[in-house]
2 protein chains.
Amino acid sequence: MLRLSRKGQYGVRAMFEIARGHGNKPVPIKEIAERQAVSVAYLEQILNKLKNGGLIRSVKGPGGGYVLSKKPEDVSISAILNELEGPVAITSCLDPEEGCVRVDGCVTYMLWKSLGEKIDAFLRTVTLKNLLTGTLFKKADKRLKKSA
Amino acid sequence: MLRLSRKGQYGVRAMFEIARGHGNKPVPIKEIAERQAVSVAYLEQILNKLKNGGLIRSVKGPGGGYVLSKKPEDVSISAILNELEGPVAITSCLDPEEGCVRVDGCVTYMLWKSLGEKIDAFLRTVTLKNLLTGTLFKKADKRLKKSA
DNA sequence: AAAATACCTTAGTAAAATTGTCAAGTATTA
DNA sequence: TAATACTTGACAATTTTACTAAGGTATTTT
Ligand code: FES
Ligand code: FES
């Protein structure tokens with residue numbers, strides 16, 4: 001349960017590819033598509049949303065492609081998914097665009113609200129930099145000595 | 001994003017209703033349906049799964065209904081959703097029944113795995129008892145003095 | 001025994017969401 | 001001006017969701 005759509009998954013992986021090229025040439029969509037095994041046509045939709053959200057910029061013409069708007073360490077997974085699929089909303093009641101009439105008296109409202117906040121808090125701590133370096137948990141990694 | 005299906009939501013709310021009657025008479029499905037505004041026919045499917053999962057027992061005939069198999073404090077939200085929709089699996093790669101061939105070399109595998117674990121860890125800490133008493137966070141509540 | 005209560009199970013289905021494809025652009029550079 | 005590369009909107013296939021319907025089984029009360 002609680003699946004993330006492919007669009008969201010592709011979006012994160014595409015952002016990873018663009019982050020890889022950060023500081024170098026723009027990354028053309030064709031390259032992203034090949035490396036991540038996603039169709040160019042579908043990626044176009046996804047990158048378009050991310051562009052409109054201000055996370056990436058595009059450079060047209062030969063030698064063009066996509067570039068990060070910010071440094072990899074300043075782009076969180078939360079920001080990416082937020083742009084592609086809106087904010088975390090476990091139930092429609094928690095969705096700003098839908099809402100719920102009987103919030104009061106609902107026994108589960110706080111439950112889903114809390115869960116959503118936990119999820120987003122986690123996703124805000126993970127950035128493209130973490131994906132690039134493979135260090136998902138900085139602190140945890142430092143603390144590890146021999147693990148198990 | 002990351003929506004929980006209505007089935008899951010109804011399941012939790014139904015379990016709440018059954019938990020309310022814990023220690024008293026069995027709770028008939030009709031009563032659950034009315035209190036939570038869900039059709040009897042749909043609830044039947046849901047409660048059936050929960051029964052097969054061993055979370056509740058059923059009593060047939062007049063005066064019958066559904067009863068919790070365990071005490072409310074021993075039934076976690078995780079257990080309920082697990083029965084209805086399987087384990088948390090942010091992506092198909094994390095789903096035991098599907099899996100993924102290219103786990104190695106995938107930059108996001110650990111990300112989704114970690115997120116899933118965080119989510120389930122939280123859902124395991126919340127029980128029907130918490131919903132009944134309205135104390136979602138025991139520790140947090142105790143620490144609170146005046147809050148903000 | 002018969003009637004009433006209440007759970008049990010499977011099948012089917014309409015609507016919505018997902019996951020794309022396709023086509024016809026626009027902008028930039030070599 | 002030819003080639004590269006992004007832009008946009010429409011649309012179609014598939015899958016999932018969220019149910020409804022119908023008939024059956026088990027238990028108790030009268
Ligand atoms: S029904 Fe909307 S908050 Fe629970
Ligand atoms: S593609 Fe399966 S783990 Fe990333």
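Only heavy atoms go into these numbers, but all of them, side chains included; no hydrogens, no water, no symmetry mates. Below, chain A is the first sequence line, B the second, and so on; all start at residue 1.
Contact annotation for A:Lys30: no contact, since no heavy-atom pair falls under 4.0 Å across all strands. Among the protein residues, B:Ile29 comes within range of the sugar-phosphate backbone only, with heavy atoms under 4.0 Å from sugar or phosphate atoms but none that close to a base.
Residues A:Ser58 and A:Tyr66 approach most closely at CB-CE2, 3.7 Å, considering heavy atoms. The two residues A:Glu85 and A:Gly8 come nearest to each other via the heavy atoms OE2-CA, 3.4 Å. Closest non-hydrogen pair, A:His22 versus A:Lys71, comes out as NE2-CA, 4.0 Å. Of all heavy-atom pairs between B:Gly54 and B:Ser69, the closest is O-OG, 3.0 Å.
Atom CE of B:Met15 and atom CG of B:Leu47 lie 8.5 Å apart (nearest 0.5 Å).
In this structure, B:Asn130 contributes its side chain and B:Thr127 its backbone to a donor-acceptor pair below 3.5 Å. B:Thr108 places no side-chain N or O within 3.5 Å of a backbone atom of B:Leu111 that could act as its donor or acceptor partner.
For the pair A:Lys25 NZ and D:dA5 P, the computed distance is 11 Å after rounding to whole Å. The CG-P distance, from A:Leu50 to D:dC6, rounds to 14 Å in whole Å.
Between A:Glu117 and A:Lys113 there is a salt bridge, since a side-chain N of the basic residue sits under 4.0 Å from a carboxylate O of the acidic one.
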Practice item. If a protein heavy atom is under 4.0 Å from the base, mark B; if only from the sugar-phosphate, S; if neither, -; do that for nucleotides 17-30 of chain D going 5' to 3'. Key: -BBB----BSBS--
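Between A:Asn48 and D:dT8 there is a side-chain polar atom (N or O) within less than 4.0 angstrom of OP1 or OP2.
For DNA chain C, the outermost nucleotides in 5' to 3' order that have an atom under 4.0 Å from a heavy atom of chain B are C:dT5 to C:dA11.
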